[in-house]
J.: 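Have a look at the structure that comes next, please.
Within every chain, numbering begins at 1; the chains are lettered A, B, ... in the order of the sequence lines, protein sequences first and strands thereafter.
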Amino acid sequence: MSIYDTLNKEQKQAVMTTSGPLLLLAGAGSGKTRVLTHRIAYLIDQMGVNPWNILAITFTNKAAGEMRERVDQLVGFGADQIWVSTFHSACMRILRRYIDRLGFDSGFTIYDTDDQKTVIKGICKRLNIDTKIYREKALLGAISSAKDSLTDVREYEIGAAGDSSKAVYAKVYREYQETLQKNNALDFDDIIVKTVELFKNCPDVLDQYQERFRYIMVDEYQDTNTAQFELVRLLAEKYRNLCVVGDDDQSIYRFRGANIRNILEFEQYFPEALVIKLEQNYRSTQSILDAANAVISNNVGRKDKALWTDRGAGSRIHLRQFDNAYEEAEFIAGDVARRVKKEGAQYRDCAVLYRTNAQARLLEERMILEGIPYNVVGGTNFYARMEVKDILAYLKTIDNGRDEVALRRIVNIPKRGIGAATLDKLEDYAQLHEISLYDAMREADDIMGMGKAAAKIRPFVHLIEGYRKRLRELTVAELISAVVSEIDYGRYLQDYDDESCEDRIENVDELITKAVSYQDTHEEPSLTEFLEEVALVAEIDNVDGSDDRVLLLTLHSAKGLEFPNVYLAGMEDGLFPSYMTIVSDDPEDVEEERRLAYVGITRAMNELTLTYAKMRMIRGETQYNPISRFVREIPAALMDNTLPQGRRPDSLLPDRDTVFGLRPKAVLRPKTTAKADRPFIAREIGSLNRLAGISKGMPDRAPEDPEYGEGERVTHVKYGEGTVTKLEKEPRDYKVTVNFDKYGQKIMYASFAKLKRV
DNA sequence: TTTTACTTCGTTTTT
DNA sequence: CGAAGTAAAA
């Protein structure tokens, strides 16, 4: 009896195929992590591969940590030699060693989205670019997707030739890269891109890593972007022992540059690749899988596969409608409480999934009210909070004097009377003498025209210099404590906002706690490394599964997790799929949302509950959205409640004042913000309903007689041909039961099924 | 230079 | 609704 006997046939094949390229199409819940960990064990124990030669890449630190733990359990010896890491931290390790070859200093810092925005703002100001026309977000987005697809500044400029608008983007891209280089900083995308650049420019470095990583495994392969693919391709080029594991149906990061072609075209890059499909699901009941399969089958251009299980049908999927989001939250909280009290469930067995982070608030409030322990994943990243960023900016300034973004952030926090005018003078001086802004501050006394300002700068420089000198004798935690007390940051927070100051001080303390735990878990702790780790944590990394709490999280963060009880909240067209994707002219956008729905459904092991509200407040506006098309794509027979048969929007229109107890000021205020590109909500309802296949005013009319009868052959767009076994007239529509040749029996409503007689 | 009062704007998802 | 930006005032 060996550890490999518990694997099924395909899993075993995947584990034992150790050489050459391997594409593992692993459906949700098909045990891919098991395969990966067993494969690593097999490589070491059975094939005699040196653990040192193995690289396993995941997307989140959490996934990396879990994999490492499981490998440790399977492999007797040398497991710590394996690189199990995320794309970003693997690249960081390489860059810290070799980035000097690209003209950066190895003490570079990492810019998060906030920092990037600051840089872009500065550039726009400097170049007199109107941010009304060229939005910072759009500029950043363009730069990011250029990088994701490995388009450098030069190439971008060539592509922009002759297009004045694109030329602005190109100019900003160039300035942005130059600023980052000047600040000795990289953004998230650069971490990958610069590593690729390094490998391409320095064959000796590439060769060294190729020799080291003779066996490479990539998890969540469907989420890789072009740059990440190129990185992996380069590393694997020599020995070609590359195993990628992914599921095209779970590709949900296209907006972030994930290139689904990486999976669909893997066999073109590696013609000798073996492809293995894992379709047996060990997680969910058949009903849940049927629902997931039915929904995802509406997407085109996917690798064909269907999940199955030997677990049995299980209970039906619960579908619940509510008047508003408050009642929805009330139900979910109540249902969780009921399951815990009556069915012996634990809180941690339950998770509430939603499309947007904003939905968490109401759910959270309700959980508090009912006294249910919960945890919200995501929202504002801990390290993105103002008070935490302030402290980190101090640390960054001490660590890397060239990081101007950090310096500018804290130079006047707390108030030192160093304002824009002073900084402008310093900047001029710095530019003239080709030194950094911080170095200019050090020489402030010698700068003409500095006047009284020099006296204000002196203590600040003194403070930073003092900590630089003491850097070696202080731990990171001690350093933070010292800085916080020296600048009297607590007082600053109190003056800033008395209300929130307690929470903020708590967060600063939390940061110190994290610094202590960093200190305890690392062999050679350093400030640089601490800042790096802190920059690369994702919210999901902090989820502790051993806490007995209900988890509240977005569908995106839920990927890779599983729960006995799952609630999918806010199943409404306009929210999920989001309004943006519905009106998009690219049908791929809705398909991505559908994959998200697939991910959500397949998180559930035993019970799946879908909820939606007729009315919901979104950005201070009340919206009336129809039920999500994804719910309609689930066969009715799988659910415990019937779908609404369409409704007339006008019968539902505003009674919000009575519902929310609001004074009618919101209604009376003239709608001055209505613009051509953002139509009235009332009009949106109409169009959304039309998109969902509901036509206004039709529900109560007698249904049209279908062109087919019982026993006749019909054809369906998705299911193909079948025989009508039952035809029942209902007040609003005909209910048709069809036995499809390929998909078996389905019950559907005539007006939605659009069946054609053969 | 800093504080305040007011307007404007937007929302998907995040390593 | 809330964050963030802008203009005016102190």
J.: Between atom CD1 in A/I192 and atom C1' in B/dT14, what is the gap in whole Å?
T.: 14 Å
J.: Have a look at A/K121 and say if it touches a base, only the backbone sugar-phosphate, or nothing, with a 4.0 Å heavy-atom cut-off.
T.: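 A/K121: backbone/sugar contact only, no base atoms under 4.0 Å.
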J.: In whole angstrom, give the distance that lies between atom CZ of A/R361 and atom C1' of C/dG2.
T.: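 Going from A/R361 (CZ) to C/dG2 (C1'), I get 10 Å.
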J.: Without decimals, in angstroms, what is the distance between A/Y579 OH and B/dT13 C1'?
T.: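 Taking atom C1' of B/dT13 as the reference, OH of A/Y579 is at 18 Å.
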J.: Scan every strand shown for a Watson-Crick or G-U wobble partner of B/dT11, both distances under 3.5 Å, and answer none if you come up empty.
T.: none
J.: Taking for each residue the nucleotide of DNA chain B with the nearest heavy atom, is it A/T581 or A/F59 whose nucleotide lies nearer the 5' end?
T.: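 Its nucleotide being nearer the 5' end, the pick is A/T581.
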J.: Within the pair A/T113 and B/dT14, is there a side-chain N or O less than 4.0 Å away from OP1 or OP2?
T.: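 No.
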J.: Touch check for A/F188, heavy atoms < 4.0 angstrom, all strands: base, sugar-phosphate only, or nothing?
T.: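 If one applies the 4.0 Å heavy-atom cut-off, A/F188 turns out to touch a base.
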J.: Any side-chain N or O of A/K137 less than 4.0 Å from the OP1 or OP2 oxygen of B/dT11?
T.: yes
J.: Between A/Q228 and A/E230, does a side chain to side chain donor-acceptor pair (under 3.5 Å) hold up when you go through it step by step?
T.: CA-CA 5 Å; A/Q228 287 161 335; A/E230 185 63 6; over 6 Å; no
J.: From C-beta outward on A/M580, which listed nucleotide comes closest to its side chain: B/dT14, B/dT15, B/dT11?
T.: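 Ranking B/dT14, B/dT15, B/dT11 by closest atom to the A/M580 side chain puts B/dT11 first.
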J.: Please report, rounded to the nearest Å, how far the C1' atom of C/dA4 is from the CD atom of A/E136.
T.: 10 Å
J.: Remember a base hit wins even if backbone is also touched, and classify A/T86 as base, sugar-phosphate or nothing at under 4.0 Å, heavy atoms.
T.: nothing
J.: Is there a Watson-Crick or G-U wobble partner for C/dA9 with both distances under 3.5 Å, and which nucleotide is it?
T.: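 Checking every strand shown, C/dA9 finds its partner in B/dT2, with both distances under 3.5 Å.
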J.: Look at all strands and tell whether A/E592 reaches a base, only sugar-phosphate, or nothing, counting heavy atoms closer than 4.0 Å.
T.: nothing
J.: Give the rounded distance in Å between these two atoms: CD1 of A/I418 and C1' of B/dT2.
T.: 15 Å
J.: Could you state the CZ-P distance from A/R385 to C/dA3, rounded to the nearest angstrom?
T.: 12 Å
J.: How about A/D187 and A/Y176: does a side-chain donor come under 3.5 Å of a side-chain acceptor?
T.: yes
J.: Pick base, sugar-phosphate or nothing for A/N225, based on heavy-atom distances below 4.0 Å to the nucleic acid.
T.: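 No contact at all - A/N225 keeps every heavy atom at 4.0 Å or more from the nucleic acid.
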J.: The side chain of A/N412 lies closest to which of these nucleotides: B/dT2, B/dT1, B/dT14?
T.: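 The answer is B/dT2.
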J.: Could you check whether the side chain of A/H556 and the base of B/dT14 have a donor-acceptor pair of N or O atoms closer than 3.5 Å, going by distance alone?
T.: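 Answer is no: no donor-acceptor pair is held.
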J.: A/T356 or A/R416: which one's nearest nucleotide on DNA chain B is closer to the 5' end?
T.: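 Its nucleotide being nearer the 5' end, the pick is A/R416.
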J.: Using a cut-off of less than 4.0 Å, is there contact between a side-chain N or O of A/S557 and OP1 or OP2 of B/dT14?
T.: yes
J.: Which one, B/dT1, B/dT15, B/dT3, comes nearest to the side chain of A/T422?
T.: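 Side chain of A/T422 sits closest to B/dT1.
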J.: Round to a whole Å and report the spacing from CG of A/L575 to P of B/dG10.
T.: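 Distance, rounded to whole Å: 19 Å.
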J.: Are A/D390 and A/Y489 linked by a side-chain donor-acceptor pair shorter than 3.5 Å?
T.: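 There is such a pair between these side chains.
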J.: Give A/R135 one of three labels, base, sugar-phosphate or nothing, depending on what nucleic acid heavy atoms sit under 4.0 Å from its own.
T.: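 The residue A/R135 makes sugar-phosphate contact but no base contact.
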J.: With a 4.0 Å cutoff (strictly under), does any side-chain N or O of A/N357 reach OP1 or OP2 of B/dT14?
T.: yes
J.: A/I143 and side chain to side chain contact (heavy atoms under 4.5 Å, CB included): which partner among A/T151, A/D148, A/D189, A/I120?
T.: A/I120
J.: Classify the side-chain pair A/Y598/A/N299 by whether it contains a donor and acceptor separated by less than 3.5 Å.
T.: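 Looking only at side-chain atoms, A/N299 and A/Y598 do not form any donor-acceptor pair under 3.5 Å.
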